[in-house]
Structure formats: structure tokens, C-alpha cells
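Presented below is the structure to which this report refers.
Just so you know, these numbers come straight off a predicted model, no measurement behind them. All ligand and atom numbering here is 1-based and tracks the order in the structure.
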Amino acid sequence: MRVFVTGASGWIGSAVVSELLGAGHEVVGLARSEESATAVRSAGAAVQRGSLDDLDSLRAGAEHADGVVHLGFKHDFSDMAGAARTERAAIELFGDVLAGSDRPLLFASGVAGLTPGRVLTERDANPSSGPDAPRGGGENLALSFAERGVRSVSLRFAPTVHGQGDHGFTSVIVAAAHAAGVSGYIGDGSNRWPAVHRSDAARLVRLALEQAPAGGVVHAVAEEGIPTREIAAAIGEHLALPVESVAPDAAAERFGWIARFFGTDMPTSSALTRERFGWTPTGPTLLEDIAAGAYA
Ligand SMILES: NC(=O)c1ccc[n+]([C@@H]2O[C@H](COP(=O)([O-])OP(=O)(O)OC[C@H]3O[C@@H](n4cnc5c(N)ncnc54)[C@H](OP(=O)(O)O)[C@@H]3O)[C@@H](O)[C@H]2O)c1
């Protein structure tokens, strides 16, 4: 399959590019800078220069592909409304280009906050739609393309897709521990975070590209839920820092924008995903990665 990948130079995208190439697919990666283009080329993929804001570049990449894996995202937490607008426009564009072709459109989503306080499954619909919803309501919009002849598939990633070199959520929590000189968790830290190793997530993206039905929801989740106090304890142990509870009303000051995620209980099952794709995660757990120095 010739696959157009946005976010091909990113944390998850670069692993997905290697996984797809390793399985014999051809990859064209979107790159917005010469640096990103060089990274994509060195991985062995072709490059489509452009950006998420340049819909013509997305169209050019998608039109000539057998499928799209959309992993690019503007992680500017000071302008989430702008990121959501860009995401929705990109999803709409891909829907228009792929309509009536039955070609796959896999797109990144997340599990954070969908059903806080109980185990989220693949059968749970995203409660939010519309342009003002998180990520521009892109998940429900893209899944609706199944009715227009697009094999759209949601990739719901755990909030921490971890591993050596990760610059995502866990690294932000580690940075907060460094800054405070103490590793914190919020309240009693019993709220749970799911996790997946990057290599397992990349393999699952390939399996979903090859096999998932239209309108499918895939959970890239290896560990259903790790109490956040255990995550804080592992960070404290590795950095030789004390571990403490942070009161919920002081969490924003200690953790910044990530407080609202780190304080959320979001256990997530991947039982249906494992069964459908024969996917068995084999990578290290989050606590093993922290202990091994992945966030040192
Ligand atoms: N990592 C996680 O733990 C996690 C968890 C849940 C959901 N997700 C979602 O999964 C997807 C991939 O995440 P990630 O961790 O791989 O993100 P990442 O490492 O931050 O990579 C983002 C990618 O998007 C590209 N990008 C950003 N702005 C762009 C723009 N304006 N035009 C073109 N490309 C642009 C980046 O290109 P450059 O290399 O040029 O910057 C990079 O390739 C995202 O949608 C993310 O929200 C990730």
C-alpha cells in the first residue's frame, strides 16, 4: 500500500513509518521543514512538503495514496482552539478526497477524558462533536465518513505513548518533579492512567491500516490503568526525589496545563482491539521505562 502519513517526523509517526516500511508498504511523509524532511527521508520514506495549514499539500499527499494515516497535530497548549480548527479542517479535507474510494483514513485520537471514572471500551462513543469540541470534534466527524465510502478508523492512544526519547505527557510530569524538587501526584493518586509503549502502538497502527473495518475504533492501550501515585513513586525513585500528594486546588500551580490530565481517572480497555487484531503488546511497561531511565 502507498500510505500518506502526516506527523511522519513525530514521536509516534516516526515509529509508524519504520513499521510500515518494514512490512513492505510505501510511505510518503508530510514534512513542514527541511529538518523534518531530512528525518523522513533518512527513515526511507518519500516526502510531501507542506503543512497542516496548507490544505493543498494534504490533498496532494492523499490524492495519490492508497490510504492516509493522520498523526500530525499542533501541540500548542496555549492555543488549543487553533489546533482544533486546524485538525477539523484537515479531517474534512481527507474526507472529501477519500469519499467513495473505500480507502483507509486512520487518524489519531485519545482516551483522555472520554468516560472519566470508569473503564472506557472501544464501544464507547466520543461524547463530543462539533467544531468547538476537543480536537475539533474530529473523531466523530471522521468516523461518520464510513457512510461516504471512507474506511475511517480512530486510533485512540493512551495518554502516555512511552519510551526512550518520549517528549509527551510523562516527560512533562518528570519536568514538574525536577522543577519542584519533589515528585507529586494529585489528591490520593488513585486515579489511573493507561499506557502503551511506542513500538506496540506503531505495530497496532499498521495492523489497523491493513485490517480495521470502516468506522472502527482501536485502543492503543497496553496497560489499562496505572494509579498516578505509582507513576509519581517511580519518578521519585529514579530521580532520588521525595514523593508527595499535591492538593487538587494546588495542582495547576505545580503541574501547569497537564494538571487537568494528570488528575483524571481514565482507565481504558483494549480487549476488543487485542481480539480483533491478535495484538499482544510486548514492550516494557511505563514503570519499567521510567526505572530504565527513559525520562532521565
Ligand atoms: N504521544 C502520546 O503519548 C499521545 C497520546 C495520545 C494522543 N496522541 C496523538 O497522537 C498524534 C501523534 O502524537 P506524537 O506524540 O507523535 O506527536 P509529536 O511527536 O508532537 O509529533 C507531531 C507531528 O506533527 C507535525 N506537525 C505539527 N505541527 C504541524 C504543522 N503545522 N504542519 C505539519 N506538521 C505538523 C510535527 O512535525 P515536526 O516534526 O516538523 O514538528 C510532527 O511530525 C497526535 O495527534 C497526538 O495528539 C499522542
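- Put simply, no part of S14 is less than 4.0 Å from ligand 1, judged by heavy atoms.
- The residue A39 has no part lying near ligand 1, judged by heavy-atom distances below 4.0 Å.
- Residue, atom and distance of the protein heavy atom nearest to atom 39 (O) of ligand 1 are S9 OG, 2.6 Å.
- Side-chain N/O atoms of T170 and H162 include no donor and acceptor closer than 3.5 Å.
- Ligand 1 has G10 within reach: a non-hydrogen atom of the residue lies less than 4.0 Å from it.
- Taking the six-membered ring where the residue is Trp, the centroids of W193 and F261 are separated by 6.0 Å or more.
- In terms of protein heavy-atom proximity, atom 45 (O) of ligand 1 is nearest to R135 NH2, 2.7 Å.
- Within the 6.0 Å centre-distance limit, the rings of F169 and W257 are counted as a close aromatic pair.
- Contact annotation for A31 and ligand 1: no heavy atom of the residue comes within less than 4.0 Å of the ligand.
- Here the two rings, on H238 and Y295, have centers that are 6.0 Å apart or farther.
- Here H167 has side-chain heavy atoms under 4.0 Å from ligand 1, and that is the only part of it that gets that close.
- In this structure, atom 16 (O) of ligand 1 lies nearest to the protein heavy atom I12 N, 2.8 Å.
- Side-chain N/O atoms of R123 and S269 include no donor and acceptor closer than 3.5 Å.
- Given atom 27 (C) of ligand 1, the protein heavy atom at minimum distance is F73 O, 3.2 Å.
- Among E19, R2, E210, the one residue that satisfies the side chain to side chain donor-acceptor pair (under 3.5 Å) test with H25 is E210.
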